[in-house]
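As the structure is a prediction and not an experimental result, all values here were calculated from the model. Reckoned from all heavy atoms, side chains included, excluding hydrogens, waters and symmetry mates.
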Amino acid sequence: MRYPDGGGLTGGQRAQRQRVRFQAAEMFAAGLNPPQVARALRVSRKSACAWHASWREGGMDALRSKGPSGVASRMRPSWRAWLARTLDEGPAAHGWVEDQRWTLARISVLVARRFHVRFSRPQLSRILREMGFSVQVPVHRAAERDEKQVARWREETWARGGKTVREQGAWLVFEDESGQSLCPPKARTWSRFGCSRQVRVSGKGSGRISLAGMVCARAGEQTRLIYRLLVHHSGRRGEKPGFREGDFAQLLDAAHQQLGGNIVLVWDNSSHHKDALMRELLAARDRWLTVFRLPAYAPDLNPAEGVWANLKNDLGNLAACTIDALAELARTRLKKMQYRPELLDGFIAETGHTLAPP
């Protein structure tokens, strides 16, 4: 069978098949017949007999790979290098501004514009996979994000934070808040082809839970998770609408007591983190607390975001329940994370931070 664009096997697959044929030749030389070789190598008798005939006529060289079948690919190496660079630039840079998806149809148009060669979608799919590309769900980034500011934060602010951590032998603490309503996030589940499974979830009330958590790390110590949870029942008076400045101060005091050392706190620019009352509360704790702020629109720099993503993945497709049951489930999941420091280390590694900044 001839393949229209580069053959049906990759170079690695052809090399593996050649090794199997060479093993068969060694067995033939040792006196084994084709059926015995077929059973030993788990290949068909037809293949073993064909290899035996070729081996008898031309020896080991007759079983050597002749390279890919079919005509050579029209996608030249220089074209592939150009295509990889172009795909990294994004669709908007090449005229597709209505959304930010690379589809096979768009890539086909892109290649045709540049090289005046039209590839089919199956051909492009195989070429892209050979180039190391795959279909993925993208990570969202805010349009307002300033990448230069993020880079400058890594070079300057993160370096100052690392110096403080080393000089004080302090704990590096990342803080963030999140929440969850009774309507759970969607998660994948097995179902029959063409039949989407239905999951009954609660659609009533405005009850929710608010979460505040800290990922705490120090060289030579196990990474820790400290969190607080507030429950908001629908229509119930006297409940806090969310975490306020005093709650954050109490959380910091609890972390200082549990960790038993100085704290270098890294958190975002939420209004509750930088208003006058919060600045006053932080100043009262400056003996053991140093604060650094993350750049705007950069949640990917905060390992606590990984905690919330992991938690909400566990709460996916949650069956209808009460807000108190949801709070208990969240506590259970977070408690399990507290006993998995290697998971918390993974959240830090995902941000690109090292435990001790340079």
Please step through side-chain hydrogen bond (donor to acceptor under 3.5 Å, both in side chains) for the pair R17 and S65, ending with a clear verdict. CA-CA 8 Å; R17 182 165 292 188; S65 175; over 6 Å; no
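- Distance CG/L289 to CH2/W171: 15.5 Å, rounded to 0.5 Å.
- Side-chain atoms of K312 come within 3.5 Å of backbone N or O of G179 as a donor-acceptor pair.
- Not one N or O on the side chain of E221 forms a donor-acceptor pair closer than 3.5 Å with the backbone of R218.
- Taking a cutoff of 4.0 Å between a charged side-chain nitrogen and a carboxylate oxygen, R145 and D300 qualify as a salt bridge.
- With R279 contributing its side chain and K274 its backbone, the two residues share a donor-acceptor pair below 3.5 Å.
- Atom CG of D286 sits about 12.0 Å away from atom CG of L281, to the nearest 0.5 Å.
- At a threshold of 4.0 Å, the pair E98-R106 counts as salt-bridged, since one of the basic side-chain nitrogens sits closer than that to a carboxylate oxygen.
- Cluster annotation: V291 and M214 are assigned to the same hydrophobic cluster (Ile/Leu/Val/Met/Phe/Trp/Tyr, side-chain heavy-atom contacts under 4.5 Å, transitive).
- For E155 and R152, the salt-bridge test fails: no basic side-chain N is under 4.0 Å from an acidic carboxylate O.
- Each of L252, V264, L265 was evaluated against V173; a single residue qualifies, L265, per the side chain to side chain contact (heavy atoms under 4.5 Å, CB included) test.
- Within the 4.5 Å cutoff, side-chain heavy atoms of R331 are placed close to those of Y227.
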Let me see the working for C321 and L182 under side-chain contact (heavy atoms from CB on, under 4.5 Å), right down to the final yes or no. CA-CA 7 Å; C321 64; L182 283 174; 4.2 Å; yes
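- Looking at every heavy atom in both residues, A142 comes nearest to Y297 through CB-CD2, 3.7 Å.
- Side-chain contact, S210 with H232: a donor N or O sits under 3.5 Å from an acceptor N or O.
- L128 contributes atom CG, which lies 6.5 Å from atom CG of L87 (distance to the nearest 0.5 angstrom).
- Partners of E280 under the salt bridge (charged side-chain N to carboxylate O under 4.0 Å, His left out) rule, at least two apart in sequence or in another chain, do not exist in this structure.
- Under 3.5 Å, the side chains of D324 and H233 contain a donor-acceptor pair of N or O atoms.
- F115 and W82 have their aromatic ring centers within a separation under 6.0 angstrom.
- Between the side chain of S47 and the backbone N or O of V43, no donor-acceptor pair lies under 3.5 Å.
- For the pair S125 (side chain) and R121 (backbone), a donor-acceptor distance under 3.5 Å is absent.
- Between R208 and V231, every side-chain heavy-atom pair lies at or beyond the 4.5 Å cut-off.
- In this structure, S54 OG and M60 CE are separated by 13.0 Å, a value rounded to the nearest 0.5 Å.
- Although no hydrogens or angles enter the test, the distance criterion places no donor-acceptor pair under 3.5 Å between the side chain of N269 and the main chain of R293.
- A distance-only check finds a donor-acceptor pair linking the side chain of T351 to the backbone of I348 [under 3.5 Å].
- With hydrophobic clusters built from ILVMFWY side chains whose heavy atoms lie under 4.5 angstrom apart, L315 shares a cluster with I209.
- Here the side chain of R45 pairs no donor or acceptor atom with the backbone of R39 at under 3.5 angstrom.
- Each of D314, V307, I226 was compared with L334 under the side chain to side chain contact (heavy atoms under 4.5 Å, CB included) criterion, and only V307 meets it.
- Atom CD of Q222 sits in a sparse spot, with 12 or fewer heavy atoms from other residues, nucleotides or ligands closer than 6.0 Å.
- No donor-acceptor pair closer than 3.5 Å links the side chain of R114 to the backbone N or O of L110.
- Nearest approach of P91 to Q100, heavy atoms of both residues: CG-C, 3.8 Å.
- Residues I263 and V165 do not share a hydrophobic cluster, defined by chaining ILVMFWY side chains whose heavy atoms lie under 4.5 Å apart.
- Hydrophobic clustering places V109 together with W102 (ILVMFWY residues linked when any side-chain heavy atoms are closer than 4.5 Å, directly or through intermediates).
- With 3.5 Å as the limit, one finds a donor-acceptor pair spanning the side chains of H273 and E177.
- The shortest distance between side-chain heavy atoms of R340 and L344 does not fall below 4.5 Å.
- Side-chain contact between L211 and L311 is present, with heavy atoms from C-beta onward closer than 4.5 Å.
- We find that R85 and D88 are not joined by a salt bridge, their nearest charged nitrogen and carboxylate oxygen being 4.0 Å or further apart.
- Shortest non-hydrogen contact noted between F292 and T164 is CZ-OG1, 4.0 Å.
- Shown here are the salt bridge (charged side-chain N to carboxylate O under 4.0 Å, His left out) partners of D176, two or more places apart in sequence or in another chain: there are none.
- Of the possible donor and acceptor atoms, one in the side chain of Q338 sits under 3.5 Å from a partner among the backbone N and O of L225.
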Go through it in stages, so that I can follow the logic: the residues are N33 and F28, the test is side-chain contact (heavy atoms from CB on, under 4.5 Å), and I'd like the CA-CA distance, side-chain angles, deciding distance and then a yes or no. CA-CA 6 Å; N33 58 36; F28 295 147; over 6 Å; no
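- Side chains of H272 and M278 form no contact here, defined as non-hydrogen atoms less than 4.5 Å apart.
- Rounding to the nearest 0.5 Å places CZ of F347 at 4.0 Å from CG of N310.
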Any chance you could lay out the salt bridge (charged side-chain N to carboxylate O under 4.0 Å, His left out) test for R244 and D247, step after step, and finish with the verdict? CA-CA 5 Å; R244 307 295 295 182; D247 300 309; over 6 Å; no
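- L41 contributes atom CG, which lies 11.5 Å from atom CD of Q36 (distance to the nearest 0.5 angstrom).
- Within 6.0 Å of CZ on R129 lie no more than 12 heavy atoms contributed by other residues, nucleotides or ligands.
- The aromatic rings of F248 and W267 sit perpendicular to each other, their planes meeting at more than 60°, with 30° as the lower class boundary.
- Seen from the ring of F119, R74 counts as a face-on cation partner, given the 6.0 Å and 45° thresholds.
- D146 pairs by the salt bridge (charged side-chain N to carboxylate O under 4.0 Å, His left out) definition with nothing, not counting sequence neighbours.
- Residues W308 and L318 are members of one and the same hydrophobic cluster, defined by side-chain heavy-atom contacts under 4.5 angstrom among Ile, Leu, Val, Met, Phe, Trp and Tyr.
- Between W55 and A25 the shortest heavy-atom distance is CD1-CB, 3.7 Å.
- Residue S270 comes nearest to D268 through the heavy atom pair N-OD1, 3.1 Å, listed as atom of the first residue, atom of the second, then distance.
- Put simply, the side chain of N302 does not reach to within 4.5 Å of the side chain of H353, judged on heavy atoms.
- Side chains of F22 and L63 form a contact here, defined as non-hydrogen atoms less than 4.5 Å apart.
- Across all non-hydrogen atoms, the minimal contact from A212 to E175 is CB-OE2, 3.9 Å.
- Counting heavy atoms of neighbouring residues, nucleotides and ligands inside a 6.0 Å radius, atom CD of E350 does not exceed 12 of them.
- A 4.5 Å side-chain heavy-atom check between R224 and L259 finds at least one atom pair inside the cut-off.
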